[in-house]
Amino acid sequence: MSKYLNYPNFGLLILRIFLGICVLYHGLFKLKFGIEPVASLLINAKIPSFLSYFVYLGEILAPVMIIFGIYTRFASIMLIATSGVILYVAYMDKLFAVTNFGGLVPEIVYLYLGASLCLLFCGGGKFSIKND
């Protein structure tokens, strides 16, 4: 049975596609409706609001690069940085807070962070346009 399930490159492709699509939807939402909420979060965290434009790199450029496997490790670093900023500005006071359903409040950000770390250490796999 294990010989049929031992395809790490295919697993990395699936990880890249699903991670990229999920993050890309956040970026497309911001592209359509603006980044004012992001700027407000940054201002509240004492970070200059002009840095909110970097959300387009982390939530549009990086996911597209990840989906297609174009410098996946570099793109994963951008997504790791984006996740770190999100954790800092939006969840710093509730990093380990639990929801009414037993999950962590920022669990989606942790999933993005974990998947990005996986791609950083493993690369995009052989089904990539441009390997690292």
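Starting from 1, each residue takes its place in the sequence as its number.
- Between I60 and G27, the shortest heavy-atom distance links the atoms CD1-O, 3.6 Å.
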Let me have the donor-acceptor pairs involving side chains of residues 83-96, under 3.5 Å, with sequence neighbours excluded, atom names and distances please.
residue : atom : partner : partner atom : Å
S83     : OG   : L79     : O            : 2.9

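- Looking at heavy atoms from C-beta onward, I35 lies in side-chain contact with Y56 at the 4.5 angstrom threshold.
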Determine whether C118 and L15 satisfy the following criterion, side-chain contact (heavy atoms from CB on, under 4.5 Å), listing intermediate values before the conclusion. CA-CA 9 Å; C118 179; L15 175 66; 3.8 Å; yes
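- When all heavy atoms of S52 and S49 are compared, the closest pair comes out as OG-O, 2.7 Å.
- For T99 (side chain) and F101 (main-chain N/O), a donor-acceptor pair under 3.5 Å exists by modelled atom type.
- In this structure, I66 CD1 and I21 CD1 are separated by 12.0 Å, a value rounded to the nearest 0.5 Å.
- Between the side chain of N9 and the backbone N or O of K126, at least one donor-acceptor pair lies under 3.5 Å.
- Checking L57, V55, L61 one by one against E59, the side chain to side chain contact (heavy atoms under 4.5 Å, CB included) holds for a single residue, V55.
- Residues I43 and F54 do not share a hydrophobic cluster, clusters being chains of Ile/Leu/Val/Met/Phe/Trp/Tyr side chains in contact below 4.5 Å.
- Here CD of E107 is found 13.5 Å from CG of L113. Values are rounded to the nearest 0.5 Å.
- F10 and L5 are assigned to two separate hydrophobic clusters, defined by single-linkage of ILVMFWY side chains at heavy-atom distances under 4.5 Å.
- To the nearest 0.5 Å, the span separating CG on L12 from OG on S128 amounts to 8.0 Å.
- One finds the SG atom of C22 at 6.0 Å from the CD1 atom of I108 (value rounded to the nearest 0.5 Å).
- With R16 contributing its side chain and P63 its backbone, the two residues share no donor-acceptor pair below 3.5 Å.
- Atom CD1 of I77 is separated from atom CG of L119 by 11.5 Å, given to the nearest 0.5 angstrom.
- The shortest non-hydrogen separation linking R73 to G123 is NH2-N, 3.4 Å.
- In summary, of the residues considered (Y71, F68, F74), a side chain to side chain contact (heavy atoms under 4.5 Å, CB included) with K130 occurs for Y71 alone.
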When you look at V38 and K30, which way does the side-chain contact (heavy atoms from CB on, under 4.5 Å) test go after all the steps? CA-CA 9 Å; V38 175; K30 289 172 181 76; 3.5 Å; yes
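- Considering CG of L42 and OH of Y53, their distance stands at 11.5 Å, rounded to 0.5 Å.
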I'd like to know whether V105 forms a side-chain contact (heavy atoms from CB on, under 4.5 Å) with V98, so could you lay out the CA-CA distance, the side-chain angles of the two residues, the decisive distance to 0.1 Å, and finally the verdict. CA-CA 6 Å; V105 171; V98 178; over 6 Å; no
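- Residues L19 and S116 have side chains in contact (heavy-atom distance under 4.5 Å, counting atoms from C-beta outward).
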With side-chain contact (heavy atoms from CB on, under 4.5 Å) as the test, would you mind laying out the steps for S76 and L117 before giving the verdict? CA-CA 7 Å; S76 70; L117 285 167; over 6 Å; no
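- Summarising the hydrophobic clusters (Ile, Leu, Val, Met, Phe, Trp, Tyr; side-chain heavy atoms under 4.5 Å, direct or chained), the residues clustered with F33 are F29.
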